[in-house]
Amino acid sequence: MGIDMNINKIRVSLVDNDVIVLRALSVILKRMIPEIEILWCASSGSIALKYFADYHICPEIILVDMSMEDLSGVEVCRVLRRKSDKIKILAMTAFSVTEFASDASDAGVQGIVNKADTAVLRDMIISLHRNNYLAMNYMSIKFKNPFEANQQVLMEGKNIHVDKLTDREIEILNICLKGYTLKEAAKLLHISESTAKTHMRNSISKLGVRNKVQAIAKWGSIYAKKF
C-alpha cells in the first residue's frame, strides 16, 4: 500500500489462543511499527473480555484470531463490539480470509487479514489508526466504522425477550462474561458455588445451549448490552 509511517502512538491488544503466535506478533509488530504499544495479550476469548473490562487503558485496536477454543473469535468480536462503539477490531486468521470475512463483518469488525501476511497486517493497522475504513473492504464485503458496527450489532438483540432469565441468572452471566469463573462469581455475589452452578444450569436450559461456554457466548452476543 505504500503507507507513510509518520504516525502517532497506536495502542493495540492481541487475542490468539497460540501463545507462540502472540509473542511472535508482538515482536514483529513492534519492529514494523515503531509507534505501536502492545497493551495486553490474551490467549483466550474469556481472558480477552476480562482484560478489556478491567484494564485501565482502552486499546485503540484489538486484533482477534477467528479460531479459538473457549469462545470463537466471531463471538469475542461481537461481545467487544456490543460493549464499545469506539474500539477498532481487526479479525485475523491463519486460514482463508474468505471463510470468515462475512461472519466477521456481521460481528462488527473493521477488517480481516491473514495473520501470516505481516505487511498487509501492518498496513491495515495503520489504516485503522487513520480511520481509513474504505481501505478495509474485502471483495463485496463492506466493513462498517465502529459506531455503525455497534449499532448494527445492538439491533440483533432488539426484539429478543429475556423474561425467562432471573435477575440472579443475569448477574452470573454478566460476571462470567467478564472472564470470571463460577467460583469467583459466587464469591462476588456472596452465594455458594453450588448455588451459582444451579443458576448457570438454569441459564443453559433457558438459552437453549449445551454448556456454560455456549451460554456465556450467546448471552454476550445477544443480550449483554441490554442490562
Side-chain angles (χ1 to χ4, degrees), residues 13-23 38-59 62-85 87 89 91-92 103 107-109 150 153-154 156-227:
S13 292
L14 308 175
V15 186
D16 195 304
N17 63 356
D18 188 330
V19 294
I20 296 176
V21 170
L22 285 176
R23 293 192 192 107
I38 307 296
L39 289 184
W40 48 259
C41 296
S43 58
S44 73
S46 58
I47 292 174
L49 296 178
K50 187 177 190 306
Y51 284 174
F52 181 75
D54 294 348
Y55 205 76
H56 64 286
I57 300 175
C58 186
I62 301 182
L63 279 60
V64 182
D65 181 41
M66 292 291 94
S67 304
M68 292 191 292
E69 295 174 357
D70 62 339
L71 299 176
S72 73
V74 170
E75 293 299 340
V76 172
C77 291
R78 185 173 281 111
V79 173
L80 290 170
R81 178 50 62 222
R82 293 184 74 87
K83 289 177 175 293
S84 173
D85 61 4
I87 60 165
I89 306 173
M92 306 184 295
D103 287 343
V109 312
N150 170 261
V153 172
L154 289 180
E156 292 177 354
K158 188 175 180 180
N159 299 316
I160 302 297
H161 300 289
V162 294
D163 300 342
K164 293 182 179 180
L165 289 170
T166 67
D167 289 345
R168 182 63 86 190
E169 288 161 0
I170 290 169
E171 283 181 311
I172 291 173
L173 286 167
N174 280 335
I175 291 171
C176 290
L177 188 61
K178 295 177 180 179
Y180 292 97
T181 65
L182 274 178
K183 184 176 182 179
E184 292 169 330
K187 185 175 181 180
L188 288 169
L189 296 172
H190 306 290
I191 59 177
S192 68
E193 186 178 357
S194 62
T195 298
K197 288 180 178 178
T198 297
H199 286 306
M200 181 57 73
R201 282 196 296 270
N202 292 339
S203 299
I204 289 169
S205 175
K206 293 174 182 180
L207 291 172
V209 294
R210 292 180 295 177
N211 55 49
K212 183 184 75 172
V213 170
Q214 291 181 356
I216 295 168
K218 186 168 184 178
W219 176 252
S221 65
I222 301 176
Y223 306 116
K225 198 69 176 184
K226 294 174 75 64
F227 295 88

### Query
What is the minimum heavy-atom distance between A185 and I175, and which atoms define it?
CB-CG2, 3.7 Å
#### Entry: Residue pair Y51 / C41: nearest heavy atoms and the distance that separates them
CE1-O, 3.3 Å
### Query
If you measure from CG on L173 to CG on L165, what distance do you get to the nearest 0.5 Å?
6.5 Å
### Query
Taking the side chain from S205 and the backbone from R201, do they hold a donor-acceptor pair closer than 3.5 Å?
no
### Query
Are the side chains of K178 and N174 in touch, meaning some heavy atoms are under 4.5 Å apart?
no
### Task
Answer whether the closest heavy-atom distance between the side chains of V64 and L80 falls below 4.5 Å.
yes
### Message
Less than 4.5 Å apart, side chain to side chain, heavy atoms only: is that true for D65 and V15?
### Response
no
### Atom of A215, atom of I204 and distance for their closest heavy-atom approach
CB-CG1, 3.9 Å
### Query
Can S46 and Y180 be said to form a side chain to side chain contact (heavy atoms under 4.5 Å, CB included), step by step?
CA-CA 8 Å; S46 58; Y180 292 97; over 6 Å; no
### Message
If I take atom CD1 from residue I172 and atom CG from residue L177, how far apart are they, to the nearest 0.5 angstrom?
### Response
13.5 Å
### Task
Report the distance from atom CD1 of I20 to atom OG of S43, rounding to the nearest 0.5 Å.
12.5 Å
### Task
List the steps, then state whether side chain to side chain contact (heavy atoms under 4.5 Å, CB included) holds for R81 with I87.
CA-CA 8 Å; R81 178 50 62 222; I87 60 165; 3.8 Å; yes
### Message
Are L71 and L49 packed together at the side-chain level, in the sense that at least one heavy-atom pair is separated by less than 4.5 angstrom?
### Response
yes
### Query
R82 and N150: which non-hydrogen atoms are nearest, and at how many Å?
O-ND2, 3.6 Å
### Query
What is the distance from atom CZ of R23 to atom CG of D16, rounded to the nearest 0.5 Å?
12.0 Å
#### Entry: Spacing of CD1 belonging to I47 relative to CG belonging to N17, to within rounding of 0.5 Å
10.5 Å
### Task
Run the salt-bridge test on E75 and R78 with the 4.0 Å N-O cut-off and return the result as yes or no.
yes
### Task
Could you list the residues that satisfy salt bridge (charged side-chain N to carboxylate O under 4.0 Å, His left out) with K206, not counting sequence neighbours?
E169
### Query
Mind checking whether L189 and R168 have side chains closer than 4.5 Å, heavy atoms only?
yes
### Task
Hey, could you give me the CG/CE distance between D103 and M66, rounded to the nearest 0.5 Å?
9.0 Å
### Query
Closest heavy-atom contact between C176 and M200?
SG-CE, 3.9 Å
### Query
Does a side-chain heavy-atom distance below 4.5 Å link V79 with F52?
no
